[in-house]
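Single-structure report; data block below.
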Amino acid sequence: MQLEELIQTLKIMQQDTRDGKQNWSLTVQTTEGNEEKYTVEEENRTWTIDECYVSYHCTYRGKEFCMITYEMIKTSGDLVHTVNYVFLPPRGVRLFSLHTLLEYSVEANQRLITQVHNLWEILMGLVKKESSQVKFHIEEASVHVE
């Protein structure tokens with residue numbers, strides 16, 4: 001799927017979700033709640049790293065749709081930098097591993113990241129309402145401190 005097609009598809013999916021026509025399975029793996037974090041030294045600063053993978057899965061127009069996103073959040077004092085990746089893996093590739101997913105990456109410009117974020121907010125609103133439209137699973141990601 002090309003970038004523009006994905007952006008338009010996500011807009012339609014958002015509306016279908018708001019209209020109650022689209023169901024989702026959402027799996028999140030994150031280090032955000034971990035007490036132990038890893039750090040890196042860059043730009044003469046120490047950055048604390050959080051990572052978050054999200055798998056968005058549904059049946060869309062009769063076909064399986066899976067999108068996995070990855071966000072690295074680097075924090076140093078009041079500074080926050082983020083790096084975002086979007087992947088469209090084939091059936092059977094559902095590992096939360098950058099190494100495995102990189103070959104399925106989609107060019108993630110700001111317009112695409114905005115649409116992914118909009119979808120996230122819609123789905124989180126449904127999760128908070130305990131809507132049957134979203135099956136939600138969250139798990140803690142392990143931190144490999146070197």
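One hydrophobic cluster, built from ILVMFWY side chains closer than 4.5 Å, holds both Val54 and Trp24. Neither Val106 nor Tyr70 shares a network with the other; the hydrophobic side chains, linked directly or stepwise wherever heavy atoms of I, L, V, M, F, W or Y lie under 4.5 Å apart, form separate groups for each. Hydrophobic cluster membership is shared by Leu102 and Ile68, with clusters built from Ile, Leu, Val, Met, Phe, Trp and Tyr side chains linked at under 4.5 angstrom. Note: the hydrophobic cluster containing Val28 does not contain Tyr85 (ILVMFWY, side chain heavy atoms under 4.5 Å, direct or indirect links). By the criterion of side-chain heavy atoms lying less than 4.5 angstrom apart, applied directly or through intervening Ile, Leu, Val, Met, Phe, Trp or Tyr residues, Leu112 is not grouped with Val83; the two fall into different hydrophobic clusters.
Looking at Tyr60 and Asp16, their side chains come closer than 4.5 Å, going by heavy atoms from C-beta outward. Side-chain contact between Asp50 and Thr30: absent, with no pair of heavy atoms (C-beta onward) separated by less than 4.5 Å. A 4.5 Å side-chain heavy-atom check between Glu43 and His81 finds at least one atom pair inside the cut-off.
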Check step by step if side-chain contact (heavy atoms from CB on, under 4.5 Å) holds for Thr27 and Arg94.
-> CA-CA 10 Å; Thr27 303; Arg94 300 295 185 262; over 6 Å; no
Tell me, with the steps shown, if Tyr104 and Leu88 meet side-chain contact (heavy atoms from CB on, under 4.5 Å).
-> CA-CA 6 Å; Tyr104 309 110; Leu88 296 175; 5.6 Å; no
Apply side-chain contact (heavy atoms from CB on, under 4.5 Å) to the pair Tyr38 and Glu51, showing each step before the final yes or no.
-> CA-CA 10 Å; Tyr38 74 90; Glu51 296 176 298; 3.5 Å; yes
Audit row: Arg61, Ile12, side-chain contact (heavy atoms from CB on, under 4.5 Å) steps and yes/no = CA-CA 11 Å; Arg61 296 188 174 173; Ile12 294 166; 3.9 Å; yes
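To the nearest 0.5 Å, the span separating CG on Leu26 from NZ on Lys135 amounts to 12.5 Å. Rounded to the nearest 0.5 angstrom, Thr17 OG1 and Asn23 CG are separated by 8.0 Å. With rounding to the nearest 0.5 Å, the separation of CD in Gln115 from CZ in Arg111 is 8.0 Å. The CZ atom of Phe136 lies 10.5 Å from the NZ atom of Lys128; values are rounded to the nearest 0.5 Å. Here the OH atom belonging to Tyr53 is positioned 9.5 Å from the CG atom belonging to Leu95, to the nearest 0.5 angstrom. Taking CZ of Arg18 as the reference point, atom CD of Gln15 lies at 5.0 Å (rounded to 0.5 Å).
When all heavy atoms are compared, the tightest approach of Lys37 to Thr31 is NZ-O, 3.1 Å. Smallest separation of non-hydrogen atoms from Tyr56 and Leu119: CD2-CD2, 3.8 Å. Across Thr100 and Glu103, no two heavy atoms sit closer than the pair O-CG, 4.2 Å. Of all heavy-atom pairs between Cys58 and Met13, the closest is SG-CE, 3.8 Å. Contact record, Ala108 with Val86: CB-CG2, 4.2 Å, taken as the closest heavy-atom pair. The two residues Thr46 and Ser76 come nearest to each other via the heavy atoms O-OG, 3.0 Å.
The number of heavy atoms from other shown groups lying within 6.0 Å of CD (Gln2) does not exceed 12. For Glu41, the CD atom sits in a packed shell: over 12 heavy atoms of surrounding residues, nucleotides or ligands are nearer than 6.0 Å. Atom CD of Glu121 sits in a crowded spot, with more than 12 heavy atoms from other residues, nucleotides or ligands closer than 6.0 Å.
Here the rule is side chain to side chain contact (heavy atoms under 4.5 Å, CB included) with Ile122, and of Gln133, His117, Gln22, Gln14 only Gln14 fits it. Remark: of the listed residues Thr69, Asn118, Asn84, Asn84 is the sole one forming a side chain to side chain contact (heavy atoms under 4.5 Å, CB included) with Ile113.
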